[in-house]
Structure formats: C-alpha cells, structure tokens
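Below is one structure; the comments refer to it alone.
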Amino acid sequence: MKAWLALPLLCWLAACARSETSHDFAVERPEPAVSGTTFLTPETQALQEDDFANPGYLWVDRGAALFLATMPDSPSCASCHGEDGGGLIGAAAIHPKWDEIDSKLVNLEGRINECRTRRQHRDALDYESDDLLALTTYITNLSKEMPLSVEPDPRAKAALEIGKAYFNTRRGQFNLSCSNCHTENWGQTLRGDTISQGHGNAFPAYRLEWQSIGSLHRRFQDCDTGVRAQPHALGSETYLALEYYLAIRGANIPIEAPGVRR
C-alpha cells in the first residue's frame, strides 16, 4: 500500500482505538462536578478551611511524626521520600492505581502497607487503625488542592466495572443505589442535609457524627448501613473498586483532606 493511502487508514484505526478506549472506560459524571464542601453549611466550611481549628490536622501531625519515625533495622518513610514528604506530593491524586508487583489495584492505604512490608520490614497496619489513618491523612494532605487525576488503566478494567456496577445497583431494605442520591438527587435536601455528588476528595475526613477522622471506606460502610444493606469489609475489593470508580468520576476536583463533614 502506498504511504499516502496508508496514512488515512492509520488515522482511522487510531481514532477507532481512541473511541473504543473512551467507550470502555465511560464514567458518568455529574455536571458541573463539584466538591461536597459546596453543600456544607457556612460554619462547617469555615471549620474545614481553618488549619488551626480543623480537628483533622491532629491526624496530619501524628502522621508527620510517624513518617519520620525509625525502628531497629527499619528505615523511616522519610529516608526514601524526604523529611518533608516532598517525594510523595501528588501521590494521593493518582491513587487507587495498578500495582505492578502484585498485579492488583491498590489505594493509598494499601500502598502504605506495601511499603511497610516490602521495604521497612514492618507489619501491615490494620485498616482504620489510628496509625494508618494518620499516615494516610498526612500523605493525602501533601497533595492538598491538587486535582484528582486517576487514570483508567486497562489492567484494572474489571475493577472499574465492579465499582460502576456497585454505584448503580439498588440494595438494602430501602432499595437505593449510590447513584439514586449522588447522581439523580444531588443538591436536594434529606433529613436537613444537602445531598452531595458523592466525591471522595475530602477523605480521610473528620466527621462531626463520628467525632473522629475516618477513611472513605468507613463512609461507604455508613452509606450501606443507612440503606439497610450488609456493608462490606474495610479494604475489601468491592469498596476498593468503588473508590477507583469514584476517583475517575471525580477527575479534576481538588483534594481537600482532611475534610470536615457532618
């Protein structure tokens, strides 16, 4: 085939490939996509924006201390990533992502535990433990105001489909899905609160209801319990897939952790 004939064909094939990829990873986004902070009361917004009053910064400070801590025969996090954590700026914005070694999807909590077991010769931390929450909050805070930029990965396509299906599937005695609230009815009021779009950009977040900081997976459990469905385990593949779907759905929304929520 002559070059001048081949060029249009190659362009057409490339366009088809882009179209197929776009279709394969289609994620419905609310328009306009906005952070849940938009729907908070002015008092709660002010509490989140004040670094001295925001109680989530207690976990940031604790995480910073753990980041610098050394143990016998175990390097600190700072020994690889810098005492100010500079090597991890932006890390929270691109997780969950595919782990090359274990060939699986991992979120930031999973990445921290992988570093502990692979490089620091330490035990993994329990999901929702104070130390893991502190480290996750500290590292996420390093990327504050950076836009979520999780890329759809062909190797994680199955996880994306699981997350998308879970977001859109009705469950529990109330027979509600995530999308019923956060896609179809965002901006409406429910029990005195304004329904958000369901983005995870403020987590780990301090919830006034919890009087503590908590992970996005803990929030998933609360939502499942709220519709009277059986919640999944923290760190489960289902919740990890849902976190991955939401991160892609919330692309370009700035990270706010530690956020404050009702």
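- Two residues are said to be in side-chain contact when any heavy atoms from C-beta on lie closer than 4.5 Å; Asp153 and Lys97 fail this criterion.
- With hydrogens and angles left out, the side-chain atoms of Asp224 and Tyr166 include a donor and acceptor closer than 3.5 Å.
- Nearest approach of Thr225 to Pro231, heavy atoms of both residues: OG1-CG, 4.0 Å.
- Within a 6.0 Å sphere centred on CD of Glu31, heavy atoms belonging to other residues, nucleotides or ligands number more than 12.
- Using a 4.5 Å heavy-atom threshold, the side chains of Asp73 and His121 count as separate.
- Salt bridge annotation for Glu209-Arg219: absent, with no cationic side-chain nitrogen under 4.0 angstrom from a carboxylate oxygen.
- Salt bridge Asp222/Arg261: absent, no basic N to carboxylate O contact under 4.0 Å.
- Classified by interplanar angle (parallel below 30°, tilted 30° to 60°, perpendicular above 60°), the ring pair His232/Tyr239 is perpendicular.
- The two atoms that bring Asn201 and Pro254 nearest to each other are ND2-O, 2.9 Å, heavy atoms only.
- Using a 4.5 Å heavy-atom threshold, the side chains of Phe220 and Glu243 count as touching.
- In the hydrophobic cluster analysis, where Ile, Leu, Val, Met, Phe, Trp and Tyr join through side-chain heavy atoms closer than 4.5 angstrom, Leu242 is grouped apart from Leu108.
- Leu142 places none of its side-chain heavy atoms less than 4.5 Å from the side chain of Phe67.
- Using bins of under 30°, 30° to 60° and over 60° for the plane-to-plane angle, the ring pair Phe39/Trp186 lands in the perpendicular bin.
- When atom types are taken as modelled, the side chain of Asn107 and the backbone of Gly110 share a donor-acceptor pair closer than 3.5 angstrom.
- Between Glu114 and Arg111 a salt bridge is recorded (basic side-chain N to carboxylate O distance below 4.0 Å).
- Between the side chain of Gln45 and the backbone N or O of Thr37, at least one donor-acceptor pair lies under 3.5 Å.
- Within a 6.0 Å sphere centred on CD of Glu184, heavy atoms belonging to other residues, nucleotides or ligands number more than 12.
- Atom CD in Glu28 sits 9.0 Å away from atom CZ in Phe167 (nearest 0.5 Å).
- In the model, Thr44 has a side-chain atom that pairs as donor or acceptor with a side-chain atom of Thr41 under 3.5 Å.
- With 3.5 Å as the limit, one finds no donor-acceptor pair spanning the side chains of Asn54 and Gln48.
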I'd like to know whether Glu161 forms a side chain to side chain contact (heavy atoms under 4.5 Å, CB included) with Tyr245, so could you lay out the CA-CA distance, the side-chain angles of the two residues, the decisive distance to 0.1 Å, and finally the verdict. CA-CA 8 Å; Glu161 291 301 321; Tyr245 174 77; over 6 Å; no

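- Classification of Asp123 and Arg116 as a salt-bridged pair fails, no side-chain N sitting under 4.0 Å from a carboxylate O.
- Connection of Ile94 to Leu88 is not established within any shared hydrophobic cluster, with ILVMFWY side chains joined at heavy-atom distances below 4.5 Å, either directly or through further cluster members.
- Under a hydrophobic-cluster definition in which Ile, Leu, Val, Met, Phe, Trp and Tyr are linked whenever side-chain heavy atoms come within less than 4.5 Å, directly or via other members, Tyr138 and Ile255 are assigned to different clusters.
- Using a 4.5 Å cut-off on side-chain heavy atoms (C-beta onward), Leu208 and Tyr206 make contact.
- In this structure, Arg62 fails the cation-pi test against Trp59, since its NZ or CZ atom is not both closer than 6.0 Å to the six-membered ring centre and inside 45 degrees of the ring normal.
- Both Ile112 and Ile89 are part of a single hydrophobic cluster, where members link through side-chain heavy atoms under 4.5 Å apart.
- Across every non-hydrogen atom of Ala257 and Pro204, the tightest pair is CB-O, 3.8 Å.
- At a threshold of 4.5 Å between non-hydrogen side-chain atoms, the residues Ile195 and Cys181 count as touching.
- The shortest non-hydrogen separation linking Pro258 to Thr137 is CB-CG2, 3.9 Å.
- A donor-acceptor contact under 3.5 angstrom links the side chains of Arg249 and Thr183, judged on distance only.
- At least one donor-acceptor pair closer than 3.5 Å links the side chain of Glu128 to the backbone N or O of Ser215.
- In this structure a side-chain-to-backbone donor-acceptor pair under 3.5 Å is missing from Ser79 to Pro75.
- Note: Tyr57 OH to Asp50 CG = 9.5 Å, rounded to the nearest 0.5 Å.
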Between Asp193 and Arg262, does the salt bridge (Lys or Arg N to Asp or Glu O under 4.0 Å) criterion hold? Intermediate values first, please. CA-CA 9 Å; Asp193 290 322; Arg262 186 195 65 82; 2.4 Å; yes

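- The nearest pair of heavy atoms linking Ala159 to Leu105 is CB-CD2, 3.8 Å.
- Checking Ser74 against Gln120 by side-chain atom types alone, no donor-acceptor pair falls below 3.5 Å.
- Distance CG/Leu246 to NZ/Lys164: 13.0 Å, rounded to 0.5 Å.
- Neither side chain, Thr238 nor Ser236, offers a donor N or O lying under 3.5 Å from an acceptor on the other.
- Taken to the nearest 0.5 Å, the CG atom of Asp99 stands 7.0 Å off from the NZ atom of Lys104.
- What you find for Leu148 and Gly250 is that their closest heavy atoms are CD1-O, 3.5 Å.
- Using a cut-off of 4.0 Å between Lys/Arg side-chain N and Asp/Glu carboxylate O, Asp51 and Lys144 are scored as salt-bridged.
- Rounded to the nearest 0.5 angstrom, Leu66 CG and Leu125 CG are separated by 8.5 Å.
- With Thr136 contributing its side chain and Leu132 its backbone, the two residues share a donor-acceptor pair below 3.5 Å.
- Rounded to the nearest 0.5 Å, atoms NE2 (His81) and SG (Cys115) are 4.5 Å apart.
- Side-chain atoms of Ser143 come within 3.5 Å of backbone N or O of Gly90 as a donor-acceptor pair.
- Under a hydrophobic clustering in which Ile, Leu, Val, Met, Phe, Trp and Tyr are joined whenever their side-chain heavy atoms come within less than 4.5 Å, directly or via other members, Leu47 and Val60 fall into different clusters.
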Check against side chain to side chain contact (heavy atoms under 4.5 Å, CB included), Leu68 and Ser76: CA-CA 6 Å; Leu68 296 170; Ser76 68; 5.8 Å; no

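- Contact check for Arg171 versus Leu176: no side-chain heavy atoms found under the 4.5 Å cut-off.
- When the options Glu256, His199, Gln197 are evaluated for a side chain to side chain donor-acceptor pair (under 3.5 Å) with Ser35, the one that passes is Glu256.
- Residues Ile248 and Tyr244 have side chains in contact (heavy-atom distance under 4.5 Å, counting atoms from C-beta outward).
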